[in-house]
There are 2 protein chains.
Amino acid sequence: MLSQRQLDILTLVVQLHAATGEPVGSKTLMNAGINASSATIRNDLSFLEKEGFIEKPHTSAGRVPSVQGYRFYVDHLLKPSTVSNEELSSIRQSFNRNFTALNEIIEKSAQVLSDLTSYTAFSLGPEMNERKLTGFRVVPLNNQQLMAIIVTDRGNVESQVFTVPDDVSSGDIEKIIQIINDKLVGQPLITVYNKLRTEIPLILQRYFQTPRGIMDIFESILGNAFEERVYIGGQMNLLDVDLIPDVHQFKLVYSLMSNQNQVSSLIQTPKEGISIRIGEEIQNDLLANMSLITASYDVAEHGTGTIAILGPTNMAYSRMFGIVEAFRHELADYLADYYRLLDS
Amino acid sequence: MLSQRQLDILTLVVQLHAATGEPVGSKTLMNAGINASSATIRNDLSFLEKEGFIEKPHTSAGRVPSVQGYRFYVDHLLKPSTVSNEELSSIRQSFNRNFTALNEIIEKSAQVLSDLTSYTAFSLGPEMNERKLTGFRVVPLNNQQLMAIIVTDRGNVESQVFTVPDDVSSGDIEKIIQIINDKLVGQPLITVYNKLRTEIPLILQRYFQTPRGIMDIFESILGNAFEERVYIGGQMNLLDVDLIPDVHQFKLVYSLMSNQNQVSSLIQTPKEGISIRIGEEIQNDLLANMSLITASYDVAEHGTGTIAILGPTNMAYSRMFGIVEAFRHELADYLADYYRLLDS
DNA sequence: TATTAGCACTCGAAACGACCGAGTGCTAAT
DNA sequence: ATTAGCACTCGGTCGTTTCGAGTGCTAATA
C-alpha cells in the first residue's frame, strides 16, 4: 500500500513534528534524509494526505500527522528507544530509599515517572480488589478519640482518627472490635465491604439499640481502604505543554484529575502491556489534543498495577514508550522484592 | 490634608477599580456619585496623584490606586462589610461534619475559606510549639511492619508505617518504646525533639550496639509531628486572577506554595488580629501584584492559629476583611468547642 | 477662591493593509 | 517515476491609520 519512502516520510513527519512542534514541509524532509527531490516528496505527502495519515493546518503550511497517522506510526513504525543506563540507574536509585507503606512507594513512583518524562504521570498499585483484610486495630488516643488502623493483604495501610460519640461506651467499642476481628479479618476486601452492609448490622442489633452512629464510622474507614487510589505526579507539567489553550481548560483538566473515579476510568486499560491512546481515542473532549500511554505490570501473585503518562499528541513516542516499558519492569521488580521482604 | 471630596474620590477609585479591574476616569467618578463636575474631579485626581495615592498606567488612561493609596484606604477609609447571615450559617454548616483529627479541621477550613473568597486560602492550626507529646504507640501490623502513632497535646495525630530493619529484634522495639514512653511522653514537643538528638541516643547505646538505623526512623516520625503544617485551599484560584501574567510565574508561585517553610514565613504575622499587606509590602517579588490578608485567632488556653487569603491587589477589601473577620471567630469558636469536647 | 465648560492633546487598542516567505500543486521535461 | 520550474496561497509580521477615553490647561463663572 505505502511505498518504503512513504513510510520513511510518515515516520519523519511524526518525529520532526514531535521535535519542533511545527508542521513539516517537503524541503525539511529532504534535508532530514529522504533521498528524493522536494517535488517527489510533495507527491508522496499529497498521497499520504489523501489516505488520511497527515493533514495540513492550512494551505501554505507543512503537514502534521493525523490521529490515524499517529495510530499507524505507533502500531507499525515505532521503534521503542532503549533507555540509557544512567536513566535506568536513576530510576532504581529513586526507589532505593527505605519506603514504608506500599502507598508511599506507589505515590513516589508517579513522582519519578513524571520527572522522567516531564509529563503528567499516574500510578495505581497492584490490584486492590483481590486484597484481603489482614489486620484491624483500634488504638485509644485519649478520652474521646480512637485511631482505627486497617492493614490489607500486604503492606497497604489506612488509618483514621475518630471521635467516639457520647452514647457509645468503651465496652461497646471492645465488642465491635471483636466482631470485626471474628467476622471480617481474613476476608477479601470486597466481602468485607458487603458484609459491612448486610450481616454486621444484624449482629450488632443483638447488642445495641442504635448501632447506626458507630457503624457509620467503621463503614467510612473500611470504605476508605477499599477505594483504589491513583496517585498523580507532575500535574503542573501540563502547563508547559502549549496544548492547553487557555487557563480555563487547564482548570477543567485539573479538576478532572482531582476526581479519583474519573482518573481511575481514564487509565483503565483493556489489554495487557502497554497501550497508547491518541487524541480523540481517549474519548474525552478535554484531552482531545493529548495522548495517553498506559502500561500494566504484574507482581507475581500479588496482582497487577498500572502506570500511565499523559502528554501532548506530538510527544516523542519512541522515547516515552521506552521509558514506560523500562519503568514498568523496574517497578514490578522493586515491588516483588518488597513483597518478598515482607514474606520473609 | 485631604478634603472630604478627595477622600470620597480615593475610596471610589479603590472600589471601582476592584469591581471592574479597569482604571477609573473622571466621568466615571462623576456618574458614580461624586457631586462635582468632571473638571473638578480631574483637579482632585491630579492632586491625589501628586500626593502619591494614585497613578496612571499611561497618559490617556484613568487612575489606579498606588500601594500607598491602598494603604491609606485600608488604614483609614475601609469599612468592613458585614457578612450576611446566610454566609455565616454556611460557614458554620461546613464545620458541622463530625471531624476527626485537628489537622482535618484545619485542612477543611482552608478549603472553606478559599471557596468563600474565591482566592487562595491558608490555615495554620493553633500554635504547635507549645504542644506536648501526650501519647506514643507502636502497633505491629505484620511480620515486618509497624505503625508508630504520635498524639500531641490534644487531638493532633501523626502516624507512620515503617519496616523493621533486619538487625532489630522485637525485643529491641519493646525496649525503645519503653524508653520513649518513660523519657518523652508528657514533654513539650520541642524538648522531645532535642532529647531525641542528645539524651536518647546515649541511653540506647547502653542497650544496643548500633542504634543508628532504628533511631533514624523514630527521629523522622517525631520530626514529622513537630513540623507545623500550613494547609492551603484553592490554589487554582490564582489562575482566575488576571494578575498572573504568564504560566511560568504561576508555576513559580505554585512551587512557592509547595514549600512549607516559605508558606509558613509568608503568613507569619507580627501583630494580633487582622493584618493586610499590599503588593510590595509582602516583600516577595513573585507576589508583587497581590495582597495578603492575615488573621490570627485565639483558642483560649490552646494557643493561637492563623488564617490568610492571597488575592489580587485590587481585591474587594471591605468584603474580604469582613469574611476573614467572621471566619476567624467562627473557627476559634468551633475549635474551642472541639477542645471542650475532648476535655469532657 | 472654588468650580466648571471647552478644547487641544496624548496614547493605547483595534482595524487595516502591504509584504514576506514557507509551502503547495501543477505542468512539462528528463 | 522523478524532477525542475513556476504561479499561487495564506498565515504572520510590521508599519500606518483611526478611534475614543481620558487628561491638562485656560478662560469664564458663581
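A, B, ... follow the sequence lines: proteins, then strands. Residue 1 opens every chain.
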> Among residues two or more places apart or on two chains, list those pairs meeting side chain to side chain donor-acceptor pair (under 3.5 Å) that have a residue in residues 47-57 of chain B.
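The answer is B:Glu49-B:Arg63.
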
> Just the rounded figure in Å: distance from P of C:dA28 to CG of A:Asn43.
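Distance check: A:Asn43 CG to C:dA28 P gives 15 Å.
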
> Side chain of B:His58: nearest nucleotide among D:dC10, D:dT3, C:dG12?
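Side chain of B:His58 sits closest to C:dG12.
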
> Can you tell me which nucleotide in D:dA4, D:dT9, C:dA5 comes closest to the side chain of A:Ala39?
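The closest nucleotide is D:dA4.
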
> How many Å lie between NZ on A:Lys27 and P on D:dA4, as a whole number?
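Result: 12 Å.
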
> Hey, is the side chain of B:Thr40 poking within less than 4.0 Å of OP1 or OP2 on C:dT3, counting only N and O atoms?
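So the side chain of B:Thr40 is outside the cut-off, no N or O lying under 4.0 Å from OP1 or OP2 of C:dT3.
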
> Taking any heavy-atom pair under 4.0 Å as a contact, classify A:Thr59: base, sugar-phosphate, or nothing.
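Sugar-phosphate only.
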
> Which whole-number value in Å describes the distance from B:Ile54 CD1 to D:dT23 P?
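After rounding, the gap between these two atoms is 9 Å.
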
> Of B:Arg42 and A:Leu45, whose closest DNA chain C nucleotide lies nearer the 5' terminus?
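The residue mapped nearer the 5' terminus is B:Arg42.
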
> Below 3.5 Å, does any donor atom in the side chain of B:Arg63 face an acceptor in the base of D:dG24, or the other way round?
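It does not, because no donor-acceptor pair links the side chain of B:Arg63 to the base of D:dG24 below 3.5 Å.
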
> Do A:Ser109 and A:Tyr231 pair up side chain to side chain, a donor and an acceptor below 3.5 Å, judged on atom types alone?
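Per modelled atom types, A:Ser109 and A:Tyr231 side chains form no pair under 3.5 Å.
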
> Given that both distances must come in under 3.5 Å, which nucleotide forms a Watson-Crick or G-U wobble pair with C:dT3?
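The answer is D:dA28, by the H-bond criterion.
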
> Expressed as a whole number of angstroms, how long is the span from A:Ile34:CD1 to D:dT3:P?
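Going from A:Ile34 (CD1) to D:dT3 (P), I get 12 Å.
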
> Does A:Ser60 get its side chain close enough to the base of D:dC10, under 3.5 Å, for a donor-acceptor pair?
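Under the 3.5 Å cut-off, the side chain and the base do form a donor-acceptor pair.
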
> Determine the interplanar angle of the B:Phe250 and A:Phe250 rings, folded into 0 to 90°, and report it as parallel if under 30°, tilted if 30 to 60°, perpendicular if over 60°.
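Taking A:Phe250 first and then B:Phe250, their aromatic rings stand perpendicular (interplane angle over 60°).
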
> Starting at CD of A:Gln4 and ending at P of D:dT2, how long is that distance when rounded to a whole Å?
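One finds 13 Å between P of D:dT2 and CD of A:Gln4, rounded.
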
> Take A:Thr28 and B:Ser38, find for each the nucleotide of DNA chain C with the closest heavy atom, and name the residue whose nucleotide sits nearer the 5' end.
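Nearer the 5' end of the strand: B:Ser38.
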
> Round to the nearest Å and state the distance from A:Leu29 atom CG to D:dT3 atom C1'.
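Interatomic distance, CG of A:Leu29 to C1' of D:dT3: 17 Å.
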
> Could you state the CG-P distance from A:Asn35 to D:dT2, rounded to the nearest angstrom?
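That distance rounds to 12 Å.
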
> Between atom CG in A:Asp44 and atom C1' in C:dT24, what is the gap in whole Å?
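Atom-to-atom, A:Asp44 to C:dT24, this comes out as 15 Å.
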
> How about A:Leu292 and A:Leu287: do any of their side-chain heavy atoms sit closer than 4.5 Å?
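No. Closest side-chain heavy atoms not under 4.5 Å.
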
> Could you verify whether a donor N or O on one side chain and an acceptor N or O on the other, from A:Ser255 and A:Ser258, lie under 3.5 Å apart?
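On atom types as modelled, these side chains do not qualify, holding no pair under 3.5 Å.
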
> Under 3.5 Å for both donor-acceptor distances, Watson-Crick or wobble: does C:dC19 have a partner, and if so which one?
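Pairing partner: D:dG12.
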
> Under a 3.5 Å limit for both distances, which nucleotide forms a Watson-Crick or G-U wobble pair with C:dA13, could you say?
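Partner of C:dA13: D:dT18.
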
